[in-house]
Amino acid sequence: MGPIGPIGLMTEKMSSEAPKAGNSHRSPMSHTSHPRLKVKQALSSAGPVEEVQISGWVRTRRDAKGFSFLEINDGSCLASLQVIVDASCPQYAQIHDYTTGAAVRAKGALVASQGQGQKWELKAAELHLVGAADDSYPLQKKRHSLEYLREISHLRPRSNLFGAVFRVRSRLAYAIHQFFQERGFVYVHTPLITASDCEGAGEMFRVSVLDPVNPPKNKDGSIDYSRDFFERPTYLTVSGQLEAEIFALSHGDVYTFGPTFRAENSNTSRHASEFWMIEPEMAFCDLEGDMDLAEEFIKHLILDILDNCSEDLDLFGKFVDKGLHDRLRFVLERPFERISYTEAVELLQKSGVKFDYPVEYGANLQSEHERYLTETHFKRPVTVFNYPKEIKPFYMRQNDDDKTVAAMDVLVPGIGEIIGGSQREERLDRLDAALEHHGLDQEDYWWYRDLRKYGSAPHAGFGLGFERMLMFVTGVANIRDVIPFARTPGNAEF
RNA sequence: UGCUCAGUAGCUCAGUGGUAGAGCAGGUGGCUGUUAACCACUUGGUCGCAGGUUCGAAUCCUGCCUGAGCAGCCA
């Protein structure tokens, strides 16, 4: 038998439970004499089992004369276990209490199913209603809209779709660590609270303990942040990159994986105010190596999910995105297209397509341009590199042409930018020039500049949006549906 | 933040100027193996909120609220 489930789901005991003597051989997490068997394990059983105990939530009940079917799901897998309850079960008289949504425990024999659709089913010898759910239970056994389910984020993980999404999310996080750990990358925890709004890009959430009604003021009327908790203005981080660079220049290859925050008033299907990001940073690495890693990384993640989440992926392929499997296979089997920004601009201009926004050198590529490249022209992920320095942040490494920086964006069909990265400017004189050009004060970046004074080395990295990657592998179209509790402008329930 | 669309039963939706509807969920009864079970009957409504036009408004107009799509910002 596999590992026993988490503490907290097993606070009650069957009334017929055996004495607790002789339990010392069991897992310390086992609380009963008949440990809970996961539905996933039950359904993959090699043969019938005389007595098993499963715990979960009722998905639906079907009554016939003299017996009932209970579908019990425990979140361990997409499928539910069918439980047969007839008069031989003492609780059959109360079967009407076992409604959709109720938490239940069932004990009995795992037997081959007489019916179609499942190999194994549980013949209930004993049922226990752990927690009832009355008829106001919001999750009915029918299709709900994603918008409605979003309003009940505390219950939607119990639905088929979100059960699958969050199992895949968990696996994807595991696969990310696995990818980097196998390659000798060191996992760095960069701070969530930061004093620098380094990138200057985007609004940040302020972190403060000052009285918002009556904050201490300077003589000129401005707020006196020297009397705040950190004795200076502080914010939630928008990126761990600058700190990751510190560790790249000590540990070589490192990565961060944690939440980041943007206070932008963004209302799109691919932006959230709080989201997770993976940021590898590699010393002695140039843009080429950066792009190579990005491509290898994405392919590793796709392959891992295909190999380990096939049942959940089948659900997405069936109900969310019919082309999902083909697209994932396609991406896996082909090299990403690599094209310089300059070439991309020329390609778009020669395409003959009439875009809403004109394509011109020196401007950011618009969503419609990115979409044309990935969805229409190349029909695969596209890595665009060497952008004009004017439209990129100060820390990106200047190219010899004096016009572009060693930046790269990976664009994927359906989502757009999934990775943004660059080789970093490792030359102090060039960095100082860039700081000045961007109107930034050298003193504010004293430690970042120190890295260029003491043992500076070429290095590069990128940021992958975790939720965007999850959208890509599941086909789920809205970022709010791949994060357990979405934070977007005007929304912080749960 | 701008543009566009939507808000009707617990849920998914129909109704577009004249007595508020269906499916599912809930209830009652039936059915020996169902699997979104099925069959019959049945409960259920401040038509997002506020104003206006009209003999009469779910329906037309205005404002507000909420949600969604697209765009910008980006991951």
Side-chain angles (χ1 to χ4, degrees), chain A residues 59-72 79-87 96 99-101 111 113-118 121 123 133-152 155 159-160 199-203 238-241 257 259-279 294 319 355-357 363-371 391-393 409-412 415-421 462-472 477-483 488-491:
Chain A
R59 280 295 171 79
T60 182
R61 191 188 73 235
R62 294 180 292 274
D63 297 322
K65 190 180 178 76
F67 62 99
S68 290
F69 298 100
L70 284 179
E71 292 278 348
I72 297 181
S80 299
L81 183 66
Q82 176 163 286
V83 177
I84 314 294
V85 188
D86 62 20
H96 281 266
T99 54
T100 300
V111 298
S113 176
Q114 296 174 32
Q116 303 294 310
Q118 62 280 315
E121 63 190 18
K123 179 87 167 60
D134 69 19
D135 58 27
S136 64
Y137 182 62
L139 268 183
Q140 292 159 25
K141 48 184 179 182
K142 57 166 290 189
R143 215 185 139 271
H144 291 283
S145 68
L146 294 174
E147 291 80 12
Y148 171 68
L149 290 167
R150 229 170 268 157
E151 291 169 7
I152 51 168
L155 296 171
S159 68
N160 282 336
E199 294 191 63
E203 295 294 311
V238 295
S239 165
Q241 179 202 314
F257 181 14
T260 45
F261 309 88
R262 305 278 166 93
E264 298 289 340
N265 191 7
S266 298
N267 288 289
T268 79
S269 54
R270 58 191 191 285
H271 288 88
S273 311
E274 176 183 309
F275 63 97
W276 285 58
M277 189 155 63
I278 300 98
E279 296 179 290
F319 295 111
F355 294 108
D356 291 341
Y357 292 84
N364 272 307
L365 296 180
Q366 303 290 316
S367 285
E368 57 174 344
H369 306 145
E370 297 178 352
R371 200 167 280 153
I391 58 174
K392 289 294 180 183
D409 285 352
V410 178
L411 315 174
V412 296
I415 292 164
E417 185 177 341
I418 197 166
I419 278 180
F462 61 80
L464 170 79
F466 181 58
E467 283 78 15
R468 288 190 182 172
M469 188 63 202
L470 195 51
M471 291 166 73
F472 188 69
N478 196 312
I479 197 168
R480 288 167 274 219
D481 296 326
V482 295
I483 190 163
T488 51
N491 205 327

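Chain letters run A, B, ... following the sequence lines, proteins first, then strands; residues in each count from 1. Just so it is clear, the model here is predicted, and its values are computed rather than measured.
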Base, sugar-phosphate, or nothing for A:T268, non-hydrogen atoms under 4.0 angstrom? base
Atom OG in A:S80, atom CG in A:L70: separation rounded to 0.5 Å? 11.0 Å
To the nearest Å, how far apart are A:I84 CD1 and B:U32 C1'? 12 Å
From NZ of A:K123 across to C1' of B:U34 the rounded distance in Å is 15 Å
Sticking with atom P, work out how far B:U66 lies from B:C41, rounded to a whole angstrom. 43 Å
Whole-Å distance separating the CD atom of A:E279 from the P atom of B:C74: 15 Å
Ignoring hydrogens and angles, does a donor from either the side chain of A:R143 or the base of B:C13 sit under 3.5 Å from an acceptor on the other? no
A:K65, nearest nucleotide to its side chain (from B:G33, B:A68, B:C31): B:C31
N/O donor-acceptor pair, side chain A:Q140 with base B:G26, under 3.5 angstrom: no
Contact class for A:G115 (heavy atom, under 4.0 Å): base, sugar-phosphate, or nothing? base
So, do A:F275 and A:R468 sit near enough that their side-chain heavy atoms are less than 4.5 Å apart? no
Tell me what A:Q118 touches on the nucleic acid: a base, only sugar-phosphate, or nothing, going by heavy atoms under 4.0 Å. base
Between A:R150 (CZ) and B:U12 (P), how many Å, whole number? 12 Å
Quick check: on RNA chain B, is the nucleotide nearest A:P489 upstream (toward 5') of the one nearest A:W276, or the reverse? Name the residue that is more 5'. A:P489
Separation of B:G72 atom P from A:I391 atom CD1, nearest Å, is 13 Å
Could you measure between the two C1' atoms, the one in B:C24 and the one in B:U43, and give it in whole Å? 15 Å
P gap between B:C60 and B:G18, integer Å: 11 Å
Could you tell me whether the side chain of A:N478 reaches within less than 4.5 Å of the side chain of A:R150, counting heavy atoms only? yes
Within the structure, does a side-chain N or O atom of A:S269 lie under 4.0 Å from either OP1 or OP2 of B:C70? yes
Do any N or O atoms from the side chain of A:E467 and from the backbone of A:W276 form a donor-acceptor pair under 3.5 angstrom? yes
Determine whether a donor-acceptor pair (one donor, one acceptor, N or O, separation below 3.5 Å) exists between the side chain of A:D63 and the base of B:U34. no
Measuring to OP1 and OP2 of B:U32, would you say a side-chain N or O of A:R62 lies under 4.0 angstrom away? no
When the distance from NE2 of A:H369 to P of B:C70 is rounded to whole Å, what number comes out? 17 Å
Which is true for A:L464 with a 4.0 Å heavy-atom rule: it touches a base, it touches only sugar-phosphate, or it touches nothing? nothing
Output the single nucleotide from B:G33, B:C70, B:G10 whose closest atom is nearest the side chain of A:Y148. B:G10
Does the ring centre of A:F355 sit less than 6.0 Å away from the ring centre of A:H369? yes
Check whether any side-chain heavy atom of A:V412 lies under 4.5 Å from a side-chain heavy atom of A:I419, and answer yes or no. no
Classify the nucleic acid contact of A:Q366 as base, sugar-phosphate or nothing, counting any heavy atom under 4.0 Å across all strands shown. sugar-phosphate
Out of B:A71, B:C11, B:G67, which nucleotide sits closest to the side chain of A:N491? B:G67
Is the phosphate of B:G69 approached by A:R270 (side-chain N or O, under 4.0 Å from OP1 or OP2)? no
With a 4.0 Å cut-off on heavy atoms, is A:R59 in touch with a base, just the backbone sugar-phosphate, or nothing at all? nothing
Could you check how far NE2 of A:H144 sits from P of B:G10, rounded to whole Å? 14 Å
Taking N and O atoms by type only, does the side chain of A:T99 place a donor or acceptor under 3.5 Å from a partner on the base of B:G26? no
With rounding to whole Å, what would you report as the distance between B:C64 and B:U4 at their P atoms? 14 Å
Under 4.0 angstrom, heavy atoms only, what part of the nucleic acid is A:F275 near: base, sugar-phosphate, or nothing? base
Is the shortest side-chain heavy-atom distance between A:S367 and A:R270 below 4.5 Å? yes
Going by purine N1 to pyrimidine N3 plus the second Watson-Crick contact, or the G-U wobble pair, all under 3.5 Å, which nucleotide sits opposite B:C5? B:G67
C1' spacing across the pair B:G7 / B:A50, given as an integer number of angstrom: 16 Å
Give me the distance, rounded to whole Å, that separates B:G52 from B:A58 when you measure between the P atoms they each carry. 15 Å
Under 4.0 Å between any heavy atoms, over every strand shown, what does A:Y357 touch: base, sugar-phosphate, or nothing? Just pick one. sugar-phosphate
Mind checking the P distance from B:G17 to B:G10? Whole angstroms is fine. 26 Å
OP1 or OP2 of B:A36 under 4.0 Å from side-chain N/O of A:T60: no
Identify whether any heavy atom of A:D134 sits under 4.0 Å from a base atom; if not, whether one sits that close to sugar-phosphate; answer base, sugar-phosphate or nothing. nothing
Specify the glycosidic conformation (syn or anti) of B:U32, with syn defined as within 90° of 0. anti
Is there a side-chain contact between A:H96 and A:D63 (heavy atoms, below 4.5 Å)? yes
Is the distance from OP1 or OP2 of B:A68 to the nearest side-chain N or O of A:R480 less than 4.0 Å? yes
For B:C74, does OP1 or OP2 lie under 4.0 Å from any side-chain N or O of A:S266? no
What is the distance from CD1 of A:I479 to C1' of B:G69, rounded to the nearest Å? 16 Å
Taking only the C1' atom of each, what is the distance from B:G48 to B:U59 in whole angstrom? 15 Å
Interatomic distance, CZ@A:R59 vs CD@A:Q82, rounded to 0.5 Å, equals 14.5 Å
Would you say A:N265 places a side-chain N or O within less than 4.0 Å of OP1 or OP2 belonging to B:G72? no
Can you figure out which of B:C74, B:A68, B:G26 approaches the side chain of A:D135 most closely? B:G26
For A:E274, answer base if it contacts any base atom (sugar-phosphate contacts may also be present), sugar-phosphate if it contacts only those atoms, and nothing otherwise; contact means non-hydrogen atoms under 4.0 Å. nothing
Can you tell me the Watson-Crick or wobble partner of B:A40, both distances under 3.5 angstrom? B:U28
4.5 Å side-chain heavy-atom contact, A:T99 and A:D135: no
B:G18 pairs with, by Watson-Crick or G-U criteria that keep both distances under 3.5 Å: B:C55
So if I take every side-chain heavy atom of A:N267 and compare against B:A75, B:U1, B:U34, which nucleotide ends up nearest? B:U1
